[in-house]
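Reviewing the structure listed below.
Just so you know, these numbers use all the heavy atoms, side chains as well, and skip hydrogens, waters and symmetry mates. We number each residue from 1, following the sequence as shown.
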Amino acid sequence: MSLKTSISDFLKIDELKDNLLKIAESKFELKKLELLAKVEKLLAKIVMNVLVAIFIFIIFLLLNILAAAIINYYTRSYWIGYACITGLYSLLFVLFHFCKPWVSRKIEALIADIMVEEQF
C-alpha cells in the first residue's frame with residue numbers, strides 16, 4: 001500500500017469530494033425551486049389582477065351605459081345621454097394626452113416601488 005492511498009483512505013478525500021459536490025447540487029436545486037416559487041407567485045398575482053381588471057372594466061362599462069340611459073330618460077332623448085358620456089371621455093382623453101409624460105413617470109415609479117417590495 002502506498003503512502004498516497006493510505007493518506008487518501010485516512011482523510012477520505014473521495015467521500016469529502018462527493019459530499020461537497022452533492023451539497024453544491026442541492027444548493028443549486030434549492031435556488032432553482034425558490035426562483036420557481038417566486039415566478040409562480042408573480043404569475044398568480046398577474047392573473048388575479050387581470051381578472052379583477054376585466055371585472056372592473058365590465059362593471060364600469062355597464063355603469064356608463066346606465067348613466068347615459070338615465071340622462072336620456074331625464075332629457076327625453078335617445079342620444080343626448082350617450083353624447084354627454086362620449087364628451088366626458090373625450091375631455092378626459094385630451095387631458096390624459098397632455099399629461100402623458102407626468103402619468104408615465106408616475107406609473108414607472110409605481111412599478112419600480114412594487115418590484116423593490118417584491119424583491120426584498
Side-chain angles (χ1 to χ4, degrees):
M1 191 181 250
S2 73
L3 182 63
K4 183 179 179 183
T5 56
S6 63
I7 292 175
S8 178
D9 288 341
F10 179 71
L11 296 176
K12 299 183 182 181
I13 293 176
D14 291 334
E15 289 180 30
L16 289 173
K17 186 171 65 171
D18 290 339
N19 288 339
L20 285 175
L21 185 61
K22 288 177 185 177
I23 289 173
E25 288 174 353
S26 297
K27 283 187 176 184
F28 178 73
E29 288 294 321
L30 179 64
K31 291 296 181 186
K32 202 163 66 169
L33 290 173
E34 288 174 351
L35 180 63
L36 184 61
K38 285 183 180 182
V39 169
E40 288 173 353
K41 185 186 266 188
L42 180 65
L43 284 176
K45 280 186 177 182
I46 289 171
V47 168
M48 287 304 297
N49 287 339
V50 166
L51 289 174
V52 167
I54 289 171
F55 287 129
I56 289 173
F57 175 75
I58 291 171
I59 291 169
F60 188 71
L61 180 67
L62 293 174
L63 287 174
N64 282 309
I65 293 170
L66 178 65
I70 290 171
I71 294 170
N72 284 341
Y73 176 76
Y74 284 115
T75 59
R76 293 181 175 81
S77 172
Y78 291 111
W79 59 273
I80 290 179
Y82 297 107
C84 289
I85 298 295
T86 302
L88 174 70
Y89 284 112
S90 297
L91 178 66
L92 288 174
F93 172 74
V94 168
L95 287 173
F96 179 76
H97 183 67
F98 287 120
C99 297
K100 194 187 304 185
W102 180 79
V103 171
S104 178
R105 284 192 305 271
K106 290 292 184 184
I107 291 173
E108 288 173 2
L110 179 67
I111 290 173
D113 289 343
I114 290 172
M115 288 177 68
V116 167
E117 287 176 9
E118 289 296 321
Q119 190 173 20
F120 299 107

Taking only residues at least two apart or on different chains, which pairs with a member in residues 65-83 satisfy side-chain hydrogen bond (donor to acceptor under 3.5 Å, both in side chains)?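 Residue pairs passing side-chain hydrogen bond (donor to acceptor under 3.5 Å, both in side chains), neighbours aside: none found.
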
Who are the salt bridge (charged side-chain N to carboxylate O under 4.0 Å, His left out) partners of Glu40, not counting sequence neighbours?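 Salt bridge (charged side-chain N to carboxylate O under 4.0 Å, His left out) check on Glu40 returns nothing, list empty.
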
Mind checking salt bridge (charged side-chain N to carboxylate O under 4.0 Å, His left out) for Lys17 and listing every partner two or more places apart, or none if nothing turns up?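 So Lys17 forms no salt bridge (charged side-chain N to carboxylate O under 4.0 Å, His left out) with any residue.
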
Taking distance alone, no hydrogens or angles, what donor-acceptor pairs closer than 3.5 Å link side-chain atoms of residues 21-29 to residues at least two apart or in another chain?
residue, atom, partner, partner atom, Å
Ser26, OG, Lys22, O, 2.9
Glu29, OE2, Lys32, NZ, 3.4

Partners meeting side chain to side chain contact (heavy atoms under 4.5 Å, CB included) with Arg105 (sequence neighbours left out):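 Once residues adjacent in sequence are excluded, the partners of Arg105 under the side chain to side chain contact (heavy atoms under 4.5 Å, CB included) criterion are Pro101, Trp102.
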
Pairs of donor and acceptor atoms involving the side chains of residues 46-71, under 3.5 Å and at least two apart or interchain, shall be tabulated with distances.
residue, atom, partner, partner atom, Å
Asn49, ND2, Lys45, O, 3.3
Asn64, OD1, Tyr89, OH, 2.8
Asn64, ND2, Phe60, O, 2.9
Asn64, ND2, Tyr89, OH, 2.8

